[in-house]
Amino acid sequence: MPFKRNQTKPVSIGGLTLGGNDEIIVQSMCNIKTSCVEEVSKQINEAASFGAKIMRLSVLDFHDASAIREIKKKVSIPLVADIHMDYRLALASLESGVDAIRINPGNIGDEKRIEEVLREALKRHVPIRIGVNGGSIDKALLKEKGSLSRSALLFESAKKHIGILNKYGFDDIVLSLKGSDALETMEAYRLAAQSFPYPLHLGVTEAGPKDVSLIRSTIALAPLLMEGIGNTIRISLTEDPIEEVKAANRLLLDLGLKKDWPRFISCPTCGRTEVRLLPLAKKVLQYLEEHRINKTVAIMGCAVNGPGEAKQADIGLAGAKDCFVLFKKGKAIKTLPQDIAFETLIEELKNLY
Ligand code: SF4
């Protein structure tokens, strides 16, 4: 690990340990109604094949809560039920065998309801993630401490919810403090890491479509991860969850916090490019990630500078006049017509593993 990790209490989620170690777990959330058991299970299994270790499901009604039991039979990674307000849905999800619950105890209402949920969660060794969001900080807190910064409000809100769980002796807690602003989110997590012993789920909320969110999420998450903060990450995208999982893995790879993911290099192209580079680069990246080929592969625009610029690549292609040069570790091996470049590269790659 290139950065020393902040040590937290370990929390077990369906046999997976979150915190208390150096691992950073990738997770995402299904974007299909949970009661559609077949489609949801398929999406979870696909996300798992791309390296998701936890998936979250929205539980909006009792159909969703009872579907968890069926989904559990078809998938092999832990599931988190995402619940707002209705404590009965938390109880029903627990009954269905969910591995964790995301609920904010301060939103459940009556203390008896909180106690009931906590008793069931404790009995089943199911942790609770307190998920504080910038858009839903409770009104009482805003009234009392409204002059504080947004980061401090996220922190105070988390503290309030933790206080409720601790009051009932509940300590299996995971925390998230997500704002939609990268810098305020980052500061809120720093405050939490200094003050609470619980594992942190990092993310920026409502981060936008891919082009916007990738930048916003990286601004917030990369410094935190480099400071040793964070035990699980979700990169929220207005996109398919598989894209979230890929993005999270790429971020961890580039920070040196993960090794088992393909490293892809391609040049921006320039006036020297005489091949159709962009479609080829996209196709190769997709193949590498789909097949989890954990090699360094470069797709470069010209044979003059390409191989030299991508010396660290295990293998690559560099464009020439309407053809490609195949290179390994910076050395040209053979020349290929454009129409067989992809297939030849894949064949050569297979010889490497
Ligand atoms: S590798 Fe060649 S084509 Fe690509 S940016 Fe560099 S000089 Fe231009």
Side-chain angles (χ1 to χ4, degrees), residues 2 50-51 182 207-223 225-226 235 237-240 242-353:
F50 279 94
K210 199 153 110 180
D211 293 348
V212 177
S213 171
L214 289 179
I215 293 172
R216 196 171 287 155
S217 297
T218 304
I219 289 171
L221 268 55
L225 291 165
M226 290 164 75
I235 309 270
L237 304 176
T238 311
E239 256 286 3
D240 192 297
I242 306 305
E243 293 304 314
E244 296 194 349
V245 176
K246 288 184 196 170
N249 280 310
R250 291 174 194 148
L251 179 64
L252 294 178
L253 177 87
D254 281 345
L255 288 170
L257 293 167
K258 185 179 184 72
K259 289 196 168 62
D260 56 341
W261 194 258
R263 186 177 296 280
F264 186 72
I265 298 164
S266 64
C267 81
T269 72
C270 70
R272 293 186 188 86
T273 317
E274 295 179 288
V275 282
R276 296 181 299 278
L277 195 85
L278 182 63
L280 178 68
K282 284 186 173 173
K283 199 170 166 185
V284 172
L285 174 62
Q286 189 179 344
Y287 183 92
L288 295 175
E289 293 189 333
E290 255 177 40
H291 295 80
R292 299 288 295 276
I293 297 169
N294 303 329
K295 298 284 177 193
T296 303
V297 178
I299 303 297
M300 307 296 281
C302 76
V304 179
N305 294 337
E309 284 175 12
K311 267 200 191 97
Q312 70 274 43
D314 294 307
I315 192 166
L317 292 170
K321 175 98 183 97
D322 300 325
C323 63
F324 279 99
V325 174
L326 183 86
F327 65 91
K328 284 184 182 171
K329 299 282 180 198
K331 288 214 169 77
I333 307 290
K334 57 181 161 185
T335 303
L336 310 164
Q338 286 203 70
D339 57 352
I340 61 159
F342 175 77
E343 286 72 18
T344 311
L345 177 79
I346 301 306
E347 279 311 307
E348 291 285 342
L349 254 176
K350 285 179 182 164
N351 296 333
L352 295 179
Y353 57 90

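Indexing begins at 1, ligand by ligand and atom by atom, following the structure's order. Heavy atoms only: backbone and side chains are in, while hydrogens, waters and symmetry mates are out.
Ion pair Glu239/Lys246 not flagged as a salt bridge, since none of the NZ, NE, NH1 or NH2 atoms sits closer than 4.0 Å to an Asp/Glu carboxylate oxygen.
Within 6.0 Å of the CZ atom in Arg276, the count of heavy atoms belonging to other residues, nucleotides or ligands does not exceed 12. Atom CD1 of Ile333 has more than 12 heavy atoms from other residues, nucleotides or ligands within 6.0 Å.
Around atom 2 (Fe) of ligand 1, the protein atoms of type N, O or S found under 2.8 Å away are Cys302 SG, listed by chain and number.
A salt bridge (Lys or Arg N to Asp or Glu O under 4.0 Å) with Asp314 is found for one member of Lys331, Lys328, Lys295, Lys329 and no other, namely Lys329.
Using a 4.5 Å heavy-atom cutoff, the side chains of Leu280 and Leu345 are not in contact.
Among residues at least two apart or in separate chains, ring-ring contact (aromatic ring centres under 6.0 Å, His included) pairs with a member in residues 291-321 are Tyr287-His291.
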